[in-house]
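Contents: one structure, followed by commentary.
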Amino acid sequence: MAQPRLTAFFPRAKPGPAPGKSIARHRRAGPGLPLASPRTPPRKDAAAPRPPARKRSRPDPDPEPGEGVRGSARKRLVLPEPRAPVSSPSAAAAAGPPTPSSLDKKAKNVVNTTLSPGPRQESDLPAGLATQEGNCSFERVQNKEDVAQLKCRLQKLQALTQKSKLPATSTETCAALQSRLKQAQALEAKIRKRRAEEKTSEPEPSREPSEPPAATRDKAPAYQRFHTLAQDVPPGLTLPYKYKVLAEMFRSMDTIVGMLFNRAETITFAKVKQGVQDIMHKQFEQWHVGQIKAVYPASYTLRQDNNIPTFGAGMKRSGYQLTIEPVLGEEEKVDGRPHLSASRLLERRKVFGRNLMNLVKQHHKTFLASLSPPLAVPDDQLTRWHPRFNVDEVPDVVPAELPQPPTVDKMTTAQEVLTKARSMMSPKMEKALANLALRTAETSATEQEVPKASPTGTPSALRGVSQSLLERIRAKEAQKLQALMTRAPEREQRLAMLARLPEMARLLRTVFVAEKKQALTVEVACAHMIDSYRTTMAPGEMEKHLRLFSEVLPDWVSLHPIRQDTYVKLDKSKDLNIIVERLSKLIHEEERL
């Protein structure tokens, strides 16, 4: 039984154009230009009446390829004729430059049609291309190359449009910039020339091993400049900070030298330097040795020796080294050989400290001579420095000359030395050295001058005061300062106790009035005084003040030892103001002595 056909319910797709015609159109468009979109051709007579709709008849089941379906109302789409590509850049220029907006629009259309052409039906593709895979891949490659070329053209056009928008630089601006550049180059050349002249004119400073480095000659820090003000010891003859450091260096150096000397080793500066730096954690150089030699000349014997065995790679055996040997007496021998004992080390340390103190006393004596009126205090009676004498600003110890290694070139006459020196120096160097020598002589002369005291001119606040009165006041002040500098420590302690007595007198009378007794034991009186005094004080110190009361004011305070206790008796009938005045006069008298 034959099966019925279902074509009435499922109509067949309408055939498209013949495959040969679409291929021809694709080739006619050219590989470099895009395909134009299909359009419907216009009608010949728009006003003509439409033909009546006919009933769609069933098409032939097997139509031939290329023929349309009978009774179809769809008309054929006609593709536009492609334009001929521009072959040369001159022709493109003659045609006129395209606007950026039109170019962008066309490029977008091309990219959209090539990369995403939209849904296609099987009838739109030619039958030959559907079967040939190689032709399809070839066309895809061509489409990609076309897109790349278009992108390159778009980038070039965008660059041209940006350049056309930039303002053109004027010739005047360029000329001004060139003139400024020339001025800057001329200034740079002048600066380089001046720097070169300064370098050639400056002489090279001669470095001596005994001269301290520039860092030590600069301004010292505050903890060194005000070292004496920060000491908690009572005022007296204190050494500057740098002198104390030098004394500690001598102690460390003497310890290392004594240890090596007792072991019969050759004492070189390299060994001593390492030992001193390990002990003090400070830098130790040869100019420190020169300072020690200047303060204590009889401490060491220094010389330059060569061929000293060295066990390190730092110095050659044949090189000259500074050797150190302590100076000892004939009586200091052990087993026939000199020996540096601990007692001798202590004695040498005391001698070094005494020499440092003598140096400071010399500077202090120079300062006293510069005052108005000048003061003269013997060194054996000096117990403290002048209040205006800044101890920490005492100049450094001038280092002594150390032995230098002998020179290789030996010259017999001074003429040879001068000839060789002149041959090595240029005229500019000779002139610079002469100027440096003059400056050094001037600075040394100013340093050796006596420091000037405060200006002798009368200040504006003292105008109208007689000169004789001012001289008497200055003489009294000088006498007071001289007494202060020659005062013994015991005297200073007594004055400090006397200065506390006026305040203690009020407290002592208050204690007796509150207790309502004529006499109190020393322990009770001291306990009440300590509780009322402004600063903390030991009972023994307070008892010393009570005994001083009985010494300077026996008619007001008296001590009575009865059996094992000592009683204090106070006369409460006397006026306290009179007692305070008597104590003040006594203090002034004691300060004048």
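Keep in mind that what you see is a predicted model, and the values were worked out from it rather than measured. For reference, positions follow the sequence shown, starting with 1.
- A donor-acceptor pair shorter than 3.5 Å can be found between the side chains of Gln277 and Gln283.
- Aromatic ring pairs are classed by plane angle as parallel below 30°, tilted from 30° to 60° and perpendicular above 60°; the pair Phe389 and Trp385 is tilted.
- Shown here is Lys544, whose NZ atom has no more than 12 heavy atoms of other residues, nucleotides or ligands within 6.0 Å.
- Under a cut-off of 6.0 angstrom, the local environment of NZ in Lys569 is sparse, with at most 12 non-hydrogen atoms contributed by other residues, nucleotides or ligands.
- No side-chain donor from either of Glu581 and Asn577 sits under 3.5 Å from a side-chain acceptor of the other.
- Lys242 has a carboxylate O that lies under 4.0 Å from a charged side-chain N of Asp396, or vice versa, which qualifies the two as a salt bridge.
- The minimum heavy-atom distance between Lys365 and Asp379, with the atom names listed, is NZ-OD2, 3.6 Å.
- Ionic pairing of Arg500 and Glu541 is not present here: no N-O contact between side-chain nitrogen and carboxylate oxygen is shorter than 4.0 angstrom.
- A donor-acceptor pair under 3.5 Å links the side-chain atoms of Asn262 to the main chain of Gly258, judged by distance alone.
- When atom types are taken as modelled, the side chain of Asn355 and the backbone of Tyr296 share no donor-acceptor pair closer than 3.5 angstrom.
- Between the side chains of Asp565 and Thr521, no donor N or O sits under 3.5 Å from an acceptor N or O.
- Among the candidates Met253, Lys273, Met249, the single residue satisfying the side chain to side chain contact (heavy atoms under 4.5 Å, CB included) test with Val289 is Met253.
- Listed for the His288 side chain is a donor-acceptor partner under 3.5 Å among the backbone atoms of Glu285.
- Between the side chain of Arg348 and the backbone N or O of Ser299 there is at least one donor-acceptor pair closer than 3.5 Å.
- Contact annotation: the side chain of Val522 never approaches that of Arg547 to less than 4.5 Å [non-hydrogen atoms, C-beta and beyond].
- For the ring pair (Phe, Tyr, Trp, His ring centres under 6.0 Å) criterion with Phe250, the lone passing option out of Phe352, Phe284, Tyr243 is Phe352.
- One N or O on the side chain of Thr440 and one on the backbone of Leu436 form a donor-acceptor pair closer than 3.5 Å.
- Within a 6.0 Å sphere centred on CZ of Arg337, other residues, nucleotides and ligands contribute more than 12 heavy atoms.
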Under the side-chain contact (heavy atoms from CB on, under 4.5 Å) rule, what do His364 and Leu368 come out as? Steps first, then yes or no, please. CA-CA 6 Å; His364 184 255; Leu368 294 179; 3.4 Å; yes
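- Using cut-offs of 30° and 60° on the angle between ring planes, the pair Phe367 and His386 is perpendicular.
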